[in-house]
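Here is the structure we will look at, set down as structure tokens.
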Amino acid sequence: MTGDRNIIEINAGSLTEDLISYVTGELEDDVLDEVEVGRELDRPDHYASEPITIAAILIGTTAAIVQIGRLLERWTEMSRQKSQVNLVIKAYTVSPEAGKAVENVVAKHAEVVTS
């Protein structure tokens, strides 16, 4: 790796590996070549198979880290939207009135969009 080096530490709990996979999958190959990814793994006693990524460190150039920051923001927004959709679906299972009420609240707060 050439040039400046910057570090982002990521901890998204049980979703850390999903987040890292999303970020690395979205980066262009030439940018990904400039990024080092380190993972902190844990193998809880109740899991018999693969260890779980509990944290990650990404090291890269300033340009790469800026792109990663944007991807982290996008992933966070998508996760929030997914949670809200699930909340609306659950509310509709209670009653149409509850579903509509929650849908209205979610719609009111969905006006903020990141690109």
> By salt bridge (Lys or Arg N to Asp or Glu O under 4.0 Å), which residues pair with Glu26, not counting sequence neighbours?
Replying inline: Arg74

> Step by step, would you call Leu71 with Tyr22 a side-chain contact (heavy atoms from CB on, under 4.5 Å)?
Replying inline: CA-CA 8 Å; Leu71 290 169; Tyr22 171 76; 4.2 Å; yes

> Which distance, rounded to the nearest 0.5 Å, do you find between the CD of Glu34 and the CD1 of Ile65?
Replying inline: 11.0 Å

> About how many Å separate CZ of Arg70 and CG of Leu72, when rounded to the nearest 0.5 Å?
Replying inline: 12.0 Å

> Is the shortest heavy-atom distance from the side chain of Ile20 to the side chain of Leu58 under 4.5 Å?
Replying inline: yes

> Can you name the closest pair of heavy atoms from Gly69 and Ile8 and give their distance?
Replying inline: N-CD1, 4.5 Å

> Between Glu77 and Arg80, is the closest basic N to carboxylate O distance under 4.0 Å?
Replying inline: yes

> Under a single-linkage definition using a 4.5 Å side-chain heavy-atom cutoff for Ile, Leu, Val, Met, Phe, Trp and Tyr, are Val85 and Tyr92 assigned to the same hydrophobic cluster?
Replying inline: no

> Shortest non-hydrogen contact from Gln67 to Leu27?
Replying inline: OE1-CD2, 3.9 Å

>> Thr16 vs Asn11, test: side-chain contact (heavy atoms from CB on, under 4.5 Å). Steps then yes/no.
In response: CA-CA 6 Å; Thr16 301; Asn11 181 340; 4.1 Å; yes

>> Could you walk me through whether Val23 and Val35 satisfy the side-chain contact (heavy atoms from CB on, under 4.5 Å) test, starting with their C-alpha distance in whole Å, then the side-chain angles of each, then the deciding distance to 0.1 Å, before giving a yes or no?
In response: CA-CA 11 Å; Val23 168; Val35 176; over 6 Å; no

> What distance do Glu40 atom CD and Ile57 atom CD1 have between them, rounded to the nearest 0.5 Å?
Replying inline: 8.0 Å

> Quick one: CD on Glu9 to CD1 on Ile59, what's the gap to the nearest 0.5 Å?
Replying inline: 10.5 Å

> Once you round to the nearest 0.5 Å, how far does CD of Glu73 lie from OG1 of Thr76?
Replying inline: 7.5 Å

> Going through the checks in order, is the side-chain contact (heavy atoms from CB on, under 4.5 Å) test met by Thr53 and Leu19?
Replying inline: CA-CA 10 Å; Thr53 302; Leu19 176 53; over 6 Å; no

> Minimum heavy-atom separation for Leu15 to Trp75, with atom names?
Replying inline: CB-CH2, 3.9 Å

